[in-house]
Every structure is written in structure tokens, then in C-alpha cells.
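Here is the structure we will look at.
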Amino acid sequence: MRKTFTDFGKTWFSWIKIFLGFELLLFMPYLIFIRSADPLFAFELLHFFAAVFTLGAGVSLLFFPTLLYGLNVEKHIEQKIKEKTDTKDILTQQKVSEIEAKLKAVLDQEKIFLNRGYSIHNLALDTGVPGYLLTLFINHHLDCSFSDFINQKRIDEACLLIDSGNYNHLSINGLAELAGFNNRNSFTQAFQKFKNIPPSAYIKSSKEKTGK
């Protein structure tokens, strides 16, 4: 995991080094001209350098806004996966079995996928498996995206809650929150996708079967 974020942070570190380098250069006019030139000229030159470097920083942010608003970690991980020449060499059967066991322990037993906003970076931290390996495993071995992988587990859990009859007092909004979704719409869309019916219809059918 540290390696994943170290690679990801190279762009940030490079930018900070360049920016700080420009800032340090602001002292150059003072050091060069403080004794050999008119102090007023050195003062004006310092302001000129400051204006140029500030403009340079602004132009850099204009063409590379991700430096300011944040880089996309998931795209970075996907790019790292594309750079791998052969996924079979990475996801050996032993590695697949290891990842499956860790996912089962973290997801099926602890059910931390019910936490709202749970991301692949959280999963990597919880399982101890690097993010790019998890992405590779989910995309190629399970043939789905991370969001579908997590949402399907959430919908399965929501169905268990509904079938138990212990949560009939909850609205769809309440079930959505309990299942880890941010809102009713995302819950309804995911439910429709994985169960082919809206949650309201499933709730009605479950009540008819259980008589609760």
C-alpha cells in the first residue's frame, strides 16, 4: 500500500520541489545585487522575479489543475495495472486464494462494506492487499468494477435485513443508509440492477412470504 501511494505521490513531490525551488530563487536578486547595485534596483528586481514566478505557478495550475484539486487515485491504479505485461504473472493461484481469504474475513465476517463512502483504498488498508492488486483481482477475476462488487454485497445484505422482518419499520431511506448507501436513489438503482426489481416490490413480496 505504501508503494502504491509513493508512486502516486511522485507528481505531488515533483511539483512541491519545483515550487519551492522557484520560491528560493526569489532570494537571488537580493544576494547578487545587495552589495553591488543600487538597493532600489535590487528591490524592484526582486518584485519582478516574484511576479514572474507567481505567474509561472498560476500558469502551471491552469494547465495542470489536478495539482490543486487532487489527482484521481483510481485512474492512477488502473494505469499501473495497464503497465503490467501479464496479469497471470501477478495474480497467481496462490495470490488469488490469499486475496479471497482476506476479502472474506474483512467483508463477509466484519461487513465493513456497510460503511458509507467505503472505497478501494479503505479495502486495501483493511486487507493489507495493495490497491492495484485488489483492482486487478476484482476487474479480471470477478469480472466487475469495485463499485459493483461492493454494491452487490450491500444489496445482498439489504435483502437479508428485509427478509428478517426486523426492519419493517424502516423506510427505503432508512434501509439505504443501513446498507451503506449515500441516498435512496443510489440504493434504488443498485437494487434494480442486481435484483431486477425495485426495493419497494421486494419488500412487499418478502412481507407476503413471511407474513410479517
Side-chain angles (χ1 to χ4, degrees), residues 1 4-5 8 72-82 84 87-88 90-210 212:
M1 196 64 192
T4 299
F5 281 98
F8 173 71
N72 192 315
V73 186
E74 292 183 0
K75 287 186 178 180
H76 172 78
I77 293 176
E78 290 176 1
Q79 182 61 37
K80 295 296 290 184
I81 292 174
K82 290 179 182 179
K84 304 295 182 180
T87 59
K88 293 181 179 179
I90 303 172
L91 283 181
T92 62
Q93 186 57 47
Q94 180 181 357
K95 180 61 69 176
V96 167
S97 299
E98 179 184 339
I99 293 175
E100 286 176 337
K102 290 183 177 181
L103 287 177
K104 184 176 182 180
V106 170
L107 297 179
D108 295 347
Q109 297 177 18
E110 300 179 17
K111 296 186 178 181
I112 54 177
F113 57 85
L114 296 177
N115 295 333
R116 298 173 68 179
Y118 194 74
S119 68
I120 194 168
H121 317 302
N122 299 131
L123 184 59
L125 291 173
D126 292 332
T127 59
V129 179
Y132 78 92
L133 278 183
L134 286 174
T135 301
L136 192 63
F137 173 82
I138 294 171
N139 291 350
H140 294 272
H141 191 73
L142 301 181
D143 194 26
C144 65
S145 65
F146 172 77
S147 60
D148 282 347
F149 173 64
I150 292 297
N151 284 343
Q152 184 165 16
K153 287 189 170 297
R154 288 172 171 168
I155 294 302
D156 290 341
E157 184 66 20
C159 290
L160 291 177
L161 297 177
I162 294 170
D163 293 338
S164 71
N166 297 325
Y167 299 88
N168 291 342
H169 62 285
L170 291 180
S171 64
I172 293 180
N173 284 330
L175 284 171
E177 184 175 350
L178 203 60
F181 288 90
N182 291 325
N183 52 64
R184 173 175 176 158
N185 288 338
S186 59
F187 173 66
T188 301
Q189 290 174 3
F191 206 105
Q192 182 74 46
K193 180 176 183 178
F194 296 112
K195 297 300 178 180
N196 295 319
I197 59 173
S200 57
Y202 187 93
I203 293 172
K204 181 180 179 181
S205 175
S206 178
K207 288 180 178 180
E208 292 175 350
K209 291 179 181 179
T210 60
K212 296 182 179 180

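All of these numbers come straight from a predicted model, not from anything done at the bench.
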What are the two closest non-hydrogen atoms of [X] and [Y], and how far apart are they?
X: Asn151; Y: Ala190; result: CB-CB, 4.4 Å
X: Asn168; Y: Ile162; result: OD1-O, 4.3 Å
X: Leu161; Y: Leu178; result: CD1-CD2, 3.6 Å
X: Gly131; Y: Ala124; result: N-CB, 3.9 Å
X: Phe191; Y: Ile197; result: CD2-O, 3.2 Å

Evaluate the side-chain proximity of [Y] to [X]: yes if any heavy-atom separation is below 4.5 Å, no if none is.
X: Asn122; Y: Phe113; value: no
X: Asp148; Y: Lys193; value: yes
X: Leu123; Y: Tyr118; value: yes
X: Lys195; Y: Asp156; value: yes
X: Ile138; Y: Ser145; value: no
X: Leu107; Y: Asp126; value: no
X: Phe137; Y: Leu142; value: yes
X: Ile155; Y: Phe187; value: yes

>> Set out, in order, the CA-CA distance, both residues' side-chain angles and the distance that settles side chain to side chain contact (heavy atoms under 4.5 Å, CB included) for Ile150 and Phe146, then state yes or no.
In response: CA-CA 6 Å; Ile150 292 297; Phe146 172 77; 3.4 Å; yes
>> Check this for me, if you would: do Asp108 and Lys153 make a salt bridge, where the nitrogen-to-carboxylate-oxygen distance has to be below 4.0 angstrom?
In response: yes
>> As a quick check of understanding, evaluate side chain to side chain contact (heavy atoms under 4.5 Å, CB included) for Tyr202 and Asp163, giving each step before the final call.
In response: CA-CA 9 Å; Tyr202 187 93; Asp163 293 338; 2.8 Å; yes
> Is a side-chain donor or acceptor of Ser205 paired with a backbone partner of Ala201 at a separation under 3.5 angstrom?
Replying inline: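 Judged by distance alone, no pair lies under 3.5 Å.
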>> How long is the straight-line distance from CD of Glu98 back to CG of Leu103, given to the nearest 0.5 Å?
In response: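 Reported to 0.5 Å precision, the distance equals 10.5 Å.
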>> Measuring from atom CG of Asn183 to atom CD of Gln189, what distance do you get when rounded to the nearest 0.5 angstrom?
In response: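 Going from CG on Asn183 over to CD on Gln189, the span is 8.0 Å.
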Tabulate below the donor-acceptor pairs under 3.5 Å that side-chain atoms of residues 170-177 make, not counting sequence neighbours, or state none.
unit_1 : atom_1 : unit_2 : atom_2 : d
Ser171 : OG     : Asn173 : N      : 3.4
Ser171 : OG     : Gly174 : N      : 3.2

> Hey, are Asn185 and Thr188 close enough side-chain-wise for a donor-acceptor pair under 3.5 Å?
Replying inline: no
>> As a quick check of understanding, evaluate salt bridge (charged side-chain N to carboxylate O under 4.0 Å, His left out) for Glu157 and Arg154, giving each step before the final call.
In response: CA-CA 5 Å; Glu157 184 66 20; Arg154 288 172 171 168; over 6 Å; no
> Does NZ belonging to Lys102 count more than 12 external heavy atoms closer than 6.0 Å?
Replying inline: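 Counting neighbours around NZ of Lys102, more than 12 heavy atoms of other residues, nucleotides or ligands fall under 6.0 Å, so yes.
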